[in-house]
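Input: a single structure, listed below in structure tokens.
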Amino acid sequence: MLVFERPSETAVASAVDALRKDFGERAVTSHSVREHHSHGEGMRDAGLPDVVVFPETNEEVASIVKLCNQARIPVIAFGTGTSLEGHLKALYGGVCIDLSRMNNILQVNAEDLDCRVQAGVTREQLNAEIRSTGLFFPIDPGANASLGGMSATRASGTNAVRYGTMKENILGLTVVTPDGRIIKTGTRARKSSAGYDLTRLYVGSEGTLGIITEIQLKLYGVPERISAAVCQFDELSNAVNVVITAMQLGIPMARIELLDEVQMDACIKYSKLEGFAAKPTLFMEFHGTDAYVAEQIEQMKSITADYGGSDYRFADKPEDRTKLWKARHDAYWAGMSYKPGNQAFATDSCVPISRLADCIAAAKAEIAKTSLTCMIVGHVGDGNFHVQISFNPDNAQEREQAETAAAQIARIAIGMGGTCTGEHGIGIHKLDALKEEHGEAVDVMRTIKKALDPNNIMNPGKTIPMN
Amino acid sequence: MIETWQQQIKAAAAKGEKLAIKGSGSKSFLAPVRVGLTLDTRSHAGIVEYDPKELVIVVKCGTRVADVEKAMADAGQMLAFEPPHFGDDSTIGGTVAAGISGPRRAYAGAVRDFVLGAKVIDGKGDHLSFGGKVMKNVAGFDVSRLLVGSFGSLGVITEVAFKCLPLPKAQATRVFEMDAATAIEAMNRWYAEADPITATTWVDGKLHVRFAGAEPAVNTAVQKRGGEALVNDVDWWRDWREQRHAFFASAKELHRVSCKSTAPATDDMRTAIEWGGALRWVHADEASAAKIRYQASRAGGYASVWRGGASTHASAAQSLSDPLKDIHAKIKASFDPYNVFPSLSSSAGEGARQGG
């Protein structure tokens with residue numbers, strides 16, 4: 001059954017005409033621009049929108065959505081195009097709203113530790129512009145994503161253990177609803193809002209309930225001391241046990257990231273890291289006062305010694321730290337280029353931390369059944385890890401093997417009391433896994449979707465299985 | 001128990017009757033007006049799953065908060081949002097449904113930040129599971145957090161999985177004599193300077209700051225900031241959290257103001273300040289109520305009557321804009337199409353609908 005009926009060519013043509021009239025050169029129909037907006041960074045099964053519009057204000061976004069709602073044409077919001085689960089594929093054509101021109105930082109309230117940004121501001125842009133205030137925004141998915149996109153996908157990154165994910169760091173939103181109204185959720189008050197917590201509903205709704213146009217975000221003081229360290233292990237399970245022990249003791253790690261031997265090999269080659277072996281590795285970062293950081297490091301050293309970890313290699317200078325974390329953030333691209341001509345895609349399981357070693361082993365066993373190569377990188381402090389499966393895109397059999405293995409890995413995680421997606425979201429690729437994970441609860445999600453977007457124009461075919 | 005409740009809800013839905021979900025009643029003064037048969041959550045109690053190593057605890061709705069905290073403390077852990085009990089038998093279900101957090105809220109997070117997943121029986125009698133028991137989950141809409149602060153208007157929360165945090169190794173509270181304006185500035189600046197603060201309260205001309213965490217961090221902060229040591233600080237903070245401090249007892253009408261943390265102090269009304277400045281408690285009367293609301297909205301927040309107020313004040317839900325009201329009604333109908341449960345806006349206590 002079709003989730004959505006593609007609008008008629010005449011309906012699309014007249015909407016495009018209307019948008020051209022209102023937006024002039026900011027309504028684009030060239031193939032290259034539509035192609036650029038047809039996919040994220042995941043599997044490139046492009047689905048082209050009919051037109052890409054570049055609004056500059058909330059009101060302009062509202063006017064586009066209103067038009068689309070009247071004409072029953074799909075609306076897909078686009079930030080920087082870095083999502084991984086097919087969120088941007090225009091399954092039924094329609095209007096892509098590119099928010100990159102809404103890139104103003106509207107307020108920085110240094111004393112209140114918050115700011116308000118337009119959806120098109122990227123995380124790196126925000127951090128560059130607030131540097132002089134001594135504050136920073138910690139959420140860092142691999143890509144330099146837009147904050148609107150990060151909100152819409154409930155993104156997280158390497159800092160989640162200490163600073164949380166997007167959902168803990170958003171105070172409020174401006175959202176354009178499917179009928180083209182502009183609403184505000186939350187207030188400047190950090191703590192609470194009247195009525196249901198709509199902010200949390202829109203965060204992570206992947207553009208299916210409305211378009212996030214402004215975000216009020218928490219900021220944090222840059223710590224007095226930041227110290228990064230790397231420790232290597234002979235056995236992956238030892239590295240995992242170090243993480244479990246550290247979490248148990250409440251050591252406030254800012255970052256603790258695991259790379260297995262294959263991923264480490266890929267990163268050494270891709271990012272030209274020197275002096276490391278292709279072994280299971282923990283990348284760590286400590287934040288705090290001088291004394292506090294020193295104590296955290298001593299505690300961690302004693303834990304890693306118990307599990308046969310190597311000596312620490314420190315990166316205290318900002319440029320060294322940047323190089324180290326750039327290598328970690330580029331793990332996806334390192335995986336992509338590990339085998340010439342191959343592509344890779346990443347699973348996103350999150351399991352109870354005690355099952356992490358088991359789940360990783362089971363995932364590896366799943367890949368071992370195939371002829372494919374995989375590598376593992378994980379935000380292990382949260383129990384979240386990615387298996388990057390490398391395959392030849394021109395080989396249908398390899399691709400099928402990769403997809404089957406990924407689905408099976410999601411199933412294994414769900415069976416261990418975990419989730420199929422800790423941070424990438426559902427998009428189009430995990431609709432079946434969502435049903436498996438949430439069962440009848442999906443019915444309520446669908447009811448909410450139908451109630452708030454009765455014409456199903458907001459990113460149709462994504463996030464919530466409609467049948 | 002679950003099946004009995006499911007039957008009860010289905011029967012009520014079929015007959016067009018109402019059900020009132022209730023735990024110990026400790027937060028009834030905040031809840032919407034409830035009519036119909038009472039569904040008492042206390043008959044569904046107990047810890048379902050708790051392995052401290054996982055940093056997750058799964059608890060049935062009727063479990064006493066005190067029992068959960070005891071089990072966690074024995075394992076060196078805590079519910080980091082420091083829930084106010086407002087009664088010895090206060091339940092976990094009520095805590096989540098009321099969505100109220102204690103002094104640590106501004107520093108560790110709110111109830112919703114620690115809810116990893118929840119089970120709920122909706123108004124059709126279906127028992128559903130949202131979220132899970134892992135630290136991160138972005139599968140579908142974040143419904144479990146929608147339940148936090150829903151005051152039984154969406155369904156019966158039957159089970160909740162919480163994220164646990166280790167108890168701090170060291171704790172010390174220091175007291176500083178200062179006026180409200182100085183206290184607001186200090187609370188904000190010290191926190192921005194990354195002091196290990198876990199609670200702040202300014203009341204009666206004194207700022208109380210609780211430092212907690214690793215011992216060296218606490219010692220450093222205490223030395224740096226000075227002040228006087230507060231003996232029995234554990235008791236003091238518990239009394240403050242439970243609103244047993246004299247400041248609360250002496251209020252005829254108490255307003256709760258949620259605002260940006262640097263909002264200026266109002267010196268013409270008796271006020272206490274916590275959460276680093278983001279939460280203000282104000283002694284009010286009929287004459288000052290409007291002024292409090294005005295000042296709160298100028299400070300980027302809002303005010304509501306917590307205790308003792310006349311029910312004529314515009315409730316928070318009633319003050320929502322039309323599109324927001326519309327969205328609220330649609331969410332309510334998605335869970336409870338036959339209106340078995342009370343609506344969020346049919347409120348007696350004005351403190352209701354104050355998640356956080």
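Sequence lines set the chain letters: A, B, ... in the order given, protein chains first and strands last, and positions in each chain run from 1. Just so it is clear, the values below take in all heavy atoms, side chains as well, and ignore hydrogens, waters and symmetry mates.
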Chain B interface, residue from [options] that has the most non-hydrogen pairs under 4.5 Å:
options                            : value
E440(A), K167(A), K430(A)          : K167(A)
T447(A), I244(A), D348(A), T421(A) : T421(A)
G221(A), G422(A), G250(A)          : G422(A)

Check whether any side-chain heavy atom of [X] sits under 4.5 Å from a side-chain heavy atom of [Y], and report yes or no.
X       : Y       : answer
E111(A) : S261(B) : no
R112(B) : D197(A) : yes
D142(B) : L201(A) : no
F130(B) : V444(A) : yes

Please report the interatomic distance [atom1]([X]) to [atom2]([Y]), rounded to the nearest 0.5 Å.
X       : Y       : atom1 : atom2 : result
Q216(A) : K260(B) : CD    : NZ    : 10.5 Å
S334(B) : M445(A) : OG    : CE    : 12.5 Å
F335(B) : I448(A) : CZ    : CD1   : 4.5 Å
S354(A) : K53(B)  : OG    : NZ    : 5.5 Å
T220(B) : Y292(A) : OG1   : OH    : 10.5 Å
C164(B) : Q248(A) : SG    : CD    : 10.0 Å

Q: Take M247(A) and L55(B) through the side-chain contact (heavy atoms from CB on, under 4.5 Å) test and state the conclusion after the steps.
A: CA-CA 8 Å; M247(A) 292 301 113; L55(B) 300 172; 3.9 Å; yes
Q | Residue pair P323(B) / I183(A): nearest heavy atoms and the distance that separates them | A | CB-CG2, 3.5 Å
**Q.** Atom of Y196(A), atom of H328(B) and distance for their closest heavy-atom approach
**A.** N-NE2, 2.7 Å
Against chain A, label [X] side chain, backbone, both or neither, depending on which of its atoms sit under 4.5 Å from a heavy atom there.
X       : value
D113(B) : both
K169(B) : side chain
V143(B) : side chain
S129(B) : backbone
D326(B) : side chain
P196(B) : neither
Q77(B)  : side chain

For chain A, the option from [options] that forms the most heavy-atom pairs under 4.5 Å:
options                            : value
N188(B), V134(B), L128(B)          : V134(B)
I327(B), L147(B), V257(B)          : I327(B)
A263(B), P168(B), A214(B)          : A214(B)
G131(B), A192(B), G117(B), A296(B) : G131(B)
P216(B), G76(B), S150(B)           : P216(B)

Taking everything shown except [X] itself, do over 12 heavy atoms lie less than 6.0 Å from its [atom1]?
X       : atom1 : result
R189(B) : CZ    : yes
Y338(B) : OH    : no
E224(A) : CD    : yes
K330(B) : NZ    : yes

(Q) Set out, in order, the CA-CA distance, both residues' side-chain angles and the distance that settles side-chain contact (heavy atoms from CB on, under 4.5 Å) for V138(B) and T153(A), then state yes or no. (A) CA-CA 8 Å; V138(B) 295; T153(A) 54; over 6 Å; no
Any donor and acceptor pair, going by atom type alone, linking the side chain of [X] with main-chain N or O of [Y] inside 3.5 Å?
X       : Y       : answer
H438(A) : G140(B) : no
R154(A) : N137(B) : yes
E168(A) : G109(B) : no

Side chain, backbone, both or neither: which part of [X] has an atom under 4.5 Å from a heavy atom of chain B?
X       : result
R200(A) : both
P352(A) : both
E437(A) : side chain
D382(A) : both
T165(A) : side chain
K449(A) : both
H379(A) : side chain
I464(A) : side chain
E295(A) : side chain
T245(A) : neither
S205(A) : both
L249(A) : backbone

Q) How far apart are the C-alpha atoms of D126(B) and D443(A), what are their side-chain angles, what is the distance that settles it, and do they pass the side-chain contact (heavy atoms from CB on, under 4.5 Å) test? A) CA-CA 10 Å; D126(B) 293 331; D443(A) 295 345; 5.8 Å; no
Q. Does a donor on one side chain and an acceptor on the other come within less than 3.5 Å for S156(A) and K136(B)?
A. yes
